[in-house]
Trainee: 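Input: one structure, supplied below.
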Amino acid sequence: MLILDDDQIQSMTRRRAMAGMAALGVWVVAPRTIAAATETPDMPAHPLANRLAAYADALRYEDLDAATLEKIKTHVIDTIGCGLGAFDERPVRICRDIALSVAGPATIIGTNRRTSAELATFANGAAFRYLDFNDAYVGRFAIHPSDQIAACLAVAEAERASARELVTAITVAYEVNCRLVDAFDISNRGWDPPVLSLPAVALAAGRLMKLDPERLTHAVNLAVNDHIPMAQTRVQTLSDWKGLADAEAGRNAVFAASLARGGLTGPAPIFEGQSGFFQQVTGPAEVDVGNFGKRGTQFRIHLCSIKPYPAVIYTQTAIVAGIAVAKDVGPLDRIAALEIATTRRGYQRTGAEAEKWDPKTRDTADHSLPYVTARAMFDGDITSESFAPQMIRDPDILAFMRKITVREDPVLTARTGSAVPTRVTATLRGGQRVSHEVDFAPGFAARPMSRAEVERKFRGNVGKRWEKQRTDAVLGALWELERTADLATLLGSLSS
């Protein structure tokens, strides 16, 4: 078993370069091999893509402790449940119909049919994400790392990988995606979070394809260079694409890994280059790959949260606080004004735009802090039905929203870690104030769900699609994921 830190990666790269030049005087490419990068004035000695590839190549299933394995299975179960819950949604159906037009080796979950690994990634990823009910990680901004599970399942099935190889690939995807979110802030430059899914999925897919570190590096280069998504996806009037953008990133990254396997090279250094990622997208950043999760170092999946409600992460604590305020107040017509205090990012994403105060689409409504909070206070809950057309145009809700103000509280912004703090304060007609502040909703990393709670959410997503006995059997198989002998059979058991 080999775990490489940054110094070892540096030494390995130097030895390869010296050996090749000493033997031949020049650098040549043997048939079906890809040349490693050597240090030049324009090429850093240890490009980030190479270091990420070395990490993905070195990680072993044996590096995962029991707690990490449990977390991975928990998130796989939750993600599949979210996908089944969204199975009949119009955008998900469109994506699935397109994928079904191509035959291949990878299952489209919820059916007994298969397509290419790339299109299964897209169709399943669309289902997993569409309801905005799958997991979340909060670093310098929020992401849904379980979006990458779609690619891992599709490629693992196509490559006939073992269950342990699948679990390791999922760990790679989560770790790379979350650690890059810790390092980069793309929000101020107008780019969309799936940009950091590209290298994560390229490495996870490449690992399942058994690519060597050089081809893994080129998988990253190819995935990143031509697929940078814009953040217009998540501002103003939100469209179907809000729930599909990360599925598209996964599709592109799987294809990039396939190209790298075939021997194609990609632009390098993709991060540090003169027109590379640091210059164009994020600005300069330090990424210490040596500190990534491994044996003895906690994996970032332990800081990921499972959502209790199908809405954007910044509304989760507002729902809890709003329900508590409504319970204390009683009849909501007693409220003269309602203030929602949130973080800077929460305000920017859910309360700063006019569209969030008059949502006309589900996608805008589930990203509207005033709508979601008002709906939760009226109904005592938020479910997928909360975003039905007649619900988001409810005149009583729209009238109540006119009493609401949303603002950033710098004190809340300053809180770090996995907290997503919100304070909801009602001012009553008589002048009394009722306030509740919540940092962590149930299911957040600081308040993790038990197995029973995860299963309850899964059953809620499955609904009446299956009989209880079948749901029990599927859950039992998923809790034993690492021992699964045939992934294709397991995924086939999820058909409607």
Trainee: Are Glu353 and Lys356 within salt-bridge range, i.e. N to O under 4.0 Å?
Mentor: yes

Trainee: Mind jotting down which residue pairs meet the ring pair (Phe, Tyr, Trp, His ring centres under 6.0 Å) criterion with at least one end in residues 445-493? Sequence neighbours excluded, please.
Mentor: none

Trainee: Enumerate the residue pairs fulfilling side-chain hydrogen bond (donor to acceptor under 3.5 Å, both in side chains) with a member in residues 226-235, sequence neighbours excluded, ordered by first and then second residue.
Mentor: Asp192-Arg234, Gln232-Gln236

Trainee: Test your reading of the model: is there a side-chain donor-acceptor pair from Ser146 to the backbone of Ile149, 3.5 Å cut-off?
Mentor: no

Trainee: State plainly whether the residues Lys210 and Glu159 are in salt-bridge range, i.e. N to O under 4.0 Å.
Mentor: no

Trainee: Can you name the side-chain hydrogen bond (donor to acceptor under 3.5 Å, both in side chains) partners of Lys468, sequence neighbours left out?
Mentor: Asp472

Trainee: Enumerate the salt bridge (charged side-chain N to carboxylate O under 4.0 Å, His left out) contacts for residues 303-320, please, sequence neighbours excluded, ordered by first and then second residue.
Mentor: Asp132-Lys307

Trainee: Under the side-chain hydrogen bond (donor to acceptor under 3.5 Å, both in side chains) test, which residues partner Thr237, sequence neighbours left out?
Mentor: none

Trainee: Evaluate the criterion salt bridge (Lys or Arg N to Asp or Glu O under 4.0 Å) for residue pair Arg465 and Asp88; output intermediate values, then yes/no.
Mentor: CA-CA 11 Å; Arg465 186 178 300 276; Asp88 295 322; 3.2 Å; yes

Trainee: Restricting to side chain to side chain contact (heavy atoms under 4.5 Å, CB included), what partner residues turn up for Ala441, sequence neighbours left out?
Mentor: Pro308, Gln316, Thr317, Val320, Phe444

Trainee: Using atom types as modelled and distance alone, determine if a side-chain donor or acceptor of Asn124 lies under 3.5 Å from a backbone N or O of Ala120.
Mentor: yes

Trainee: Can you establish whether the number of heavy atoms outside Arg415 located under 6.0 Å from its atom CZ is more than 12?
Mentor: yes

Trainee: Mark yes or no for whether Arg447, through its side chain, and Phe440, through its backbone, hold a donor-acceptor pair below 3.5 Å.
Mentor: yes

Trainee: Would you list the pairs meeting side-chain hydrogen bond (donor to acceptor under 3.5 Å, both in side chains) in which at least one residue belongs to residues 92-111, sequence neighbours left out?
Mentor: Thr107-Glu157

Trainee: Could you give all pairs that pass the salt bridge (charged side-chain N to carboxylate O under 4.0 Å, His left out) test and reach residues 484-496, with sequence neighbours left out?
Mentor: none

Trainee: Quick one: does Ser368's side chain have a donor or acceptor within less than 3.5 Å of a partner on Thr364's backbone?
Mentor: no

Trainee: Please collect all ring pair (Phe, Tyr, Trp, His ring centres under 6.0 Å) contacts where either partner lies in residues 111-136, sequence neighbours excluded, each pair once.
Mentor: none

Trainee: By side-chain hydrogen bond (donor to acceptor under 3.5 Å, both in side chains), which residues pair with Ser258, not counting sequence neighbours?
Mentor: none

Trainee: Does anything in residues 173-217 pair up under ring pair (Phe, Tyr, Trp, His ring centres under 6.0 Å), and if so which pairs, sequence neighbours excluded?
Mentor: His75-Tyr174, Phe184-Phe277, Phe184-Phe278

Trainee: Looking at Arg113, I'd like to know if its CZ atom is crowded, meaning that more than 12 non-hydrogen atoms belonging to other residues, nucleotides or ligands lie closer than 6.0 Å.
Mentor: no

Trainee: With sequence neighbours left out, write down each residue that passes side-chain hydrogen bond (donor to acceptor under 3.5 Å, both in side chains) with Thr383, or none if nothing qualifies.
Mentor: Glu385

